[in-house]
Visitor: 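Input: one structure, supplied below.
Chain letters run A, B, ... following the sequence lines, proteins first, then strands; residues in each count from 1.
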There are 2 protein chains.
Amino acid sequence: MVVRQRIAIDMDEVTADALSRHLELYNREFNMTLTVEHLQGKKITEAVIPDHRERVEAYPREVGFFKNLPVMPHSQEVIQALMQRYDVYITTAAMEYPTSFTDKFEWLRDHFPFIPWTNIVFCGDKSIIAADYLLDDTVRHFKQFRGEGIIFTAPHNINEQGYRRVHNWLEVRELFLA
Amino acid sequence: MVVRQRIAIDMDEVTADALSRHLELYNREFNMTLTVEHLQGKKITEAVIPDHRERVEAYPREVGFFKNLPVMPHSQEVIQALMQRYDVYITTAAMEYPTSFTDKFEWLRDHFPFIPWTNIVFCGDKSIIAADYLLDDTVRHFKQFRGEGIIFTAPHNINEQGYRRVHNWLEVRELFLA
């Protein structure tokens with residue numbers, strides 16, 4: 001019997017583009033023109049004017065923030081291809097934003113209907129995930145993870161070292177299916 | 001450095017008494033007098049009149065089903081004691097009932113405020129959980145679990161064999177803290 005390896009995949013900044021929503025809300029509220037180019041090596045909360053930080057941190061706690069987020073390019077087709085060879089789970093730290101539960105679940109049902117509900121996980125600390133690989137933009141989750149953490153490039157993590165890195169979903173396909 | 005062992009704990013029929021809600025709704029709607037005594041070795045959906053089954057299966061999908069569920073006796077004090085010696089996670093198959101997310105999260109915050117959000121997991125298939133022990137009433141979750149599954153006795157599981165069993169929270173304390 002061949003045991004399939006298991007890949008755990010994050011949502012925000014990996015399958016879902018939450019950063020563009022974050023920028024859009026910030027620029028609209030404060031009449032700013034912050035772009036991804038200003039965020040190299042920084043989270044949005046570190047890039048904004050300190051007086052705006054508290055407000056910007058609150059956006060993801062608002063109902064609707066996670067609704068209709070753009071899908072990361074090629075993530076759907078590559079995940080479908082991965083599922084032919086691997087057990088794929090979506091593992092998102094949703095517990096940080098309890099108002100996101102329904103939006104996140106519906107977003108997955110709308111955009112990744114081929115992922116069964118059995119393979120969706122809302123958690124906090126991802127060291128609880130039993131998988132061979134964790135594809136994530138947040139390296140903090142790799143520290144106590146028992147498998148291999150793989151960085152999915154996002155503006156805030158470009159300077160992180162010590163893990164294999166993919167820059168986009170075409171590179172994910174190359175890494176796991178070449 | 002001492003590595004703490006990790007215990008994953010289910011909600012329904014382990015920390016939360018969902019069965020009493022289920023019986024209450026069924027008896028009220030169909031004017032029946034079904035009790036726990038009728039459920040030995042059976043799930044409620046297997047014990048009711050076949051014509052009622054579909055309706056009874058639908059109860060947990062209704063908003064509010066998981067609200068204000070009774071807390072299982074001694075679960076709060078024993079979990080607090082376990083947390084002194086173990087890393088404790090709450091792992092519930094909430095994905096089966098997406099309407100339950102908010103009720104379950106709020107219930108935990110109300111009755112187990114000492115469990116941080118980082119240690120709460122909503123999942124489907126529990127083989128994704130990385131823990132040393134899984135305390136659960138549903139043995140199906142033990143099949144591919146990489147740690148040890150421990151049965152928490154519920155009416156439907158009294159005939160299950162092949163795993164260590166605890167009948168109540170005082171026995172959980174005895175097992176892990178004696």
Visitor: Is there a chain of hydrophobic side chains (I, L, V, M, F, W, Y, each step under 4.5 Å between heavy atoms) that links Ile90(B) to Leu134(B)?
Guide: no

Visitor: Do you know which two heavy atoms are closest between Ser127(B) and Ala130(A), and how far apart they sit?
Guide: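 Scanning both residues, the minimum pair turns out to be O-CB, 3.9 Å.
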
Visitor: Do the side chains of Val71(A) and Ile79(A) join up, straight or via other hydrophobic residues, at under 4.5 Å, putting them in one cluster?
Guide: yes

Visitor: If you draw a 6.0 Å radius around CD in Gln144(A), do more than 12 non-hydrogen atoms from other residues or ligands fall strictly inside?
Guide: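 For Gln144(A), atom CD is not crowded (no more than 12 foreign heavy atoms under 6.0 Å).
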
Visitor: Measuring heavy-atom distances to chain A, does Thr99(B) have an atom under 4.5 Å in its side chain, in its backbone, in both, or in neither?
Guide: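 Neither part.
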
Visitor: Answer with yes or no whether the hydrophobic clustering places Phe114(B) together with Met11(B); edges join I, L, V, M, F, W, Y residues whose side-chain heavy atoms lie under 4.5 Å apart.
Guide: yes

Visitor: What distance do Tyr89(A) atom OH and Cys123(B) atom SG have between them, rounded to the nearest 0.5 Å?
Guide: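 If we round to the nearest 0.5 Å, Tyr89(A):OH and Cys123(B):SG are 9.0 Å apart.
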
Visitor: What distance do Phe105(B) atom CZ and Phe122(A) atom CZ have between them, rounded to the nearest 0.5 Å?
Guide: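 Between atom CZ of Phe105(B) and atom CZ of Phe122(A) there are 12.0 Å.
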
Visitor: With only heavy atoms counted, which part of Glu106(A) is less than 4.5 Å from chain B, the side chain, the backbone, both or neither?
Guide: neither

Visitor: Which one, Ile120(A), Asp87(A), Ile128(A), Thr91(A), leads in non-hydrogen pairs under 4.5 Å with chain B?
Guide: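 That would be Ile128(A).
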
Visitor: So for Phe101(A), is it side chain, backbone, both, or neither that comes closer than 4.5 Å to the heavy atoms of chain B?
Guide: both

Visitor: Kindly work out whether a path of hydrophobic side-chain contacts (I/L/V/M/F/W/Y, heavy atoms less than 4.5 Å apart) joins Val14(A) to Leu39(A).
Guide: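 Same hydrophobic cluster.
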
Visitor: Using the side chain to side chain contact (heavy atoms under 4.5 Å, CB included) rule, take Met95(A) and Asn119(B) through it: C-alpha gap first, then chi angles, then the decisive distance, then the call.
Guide: CA-CA 9 Å; Met95(A) 292 302 152; Asn119(B) 290 33; over 6 Å; no

Visitor: Counting heavy-atom pairs under 4.5 Å to chain B, which of Pro98(A), Ala94(A), Ala93(A), Pro116(A) comes out on top?
Guide: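 The candidate making the most pairs under 4.5 Å is Pro98(A).
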
Visitor: Linking I/L/V/M/F/W/Y whenever any side-chain heavy atoms sit under 4.5 Å apart, do Ile9(B) and Met72(B) land together?
Guide: yes

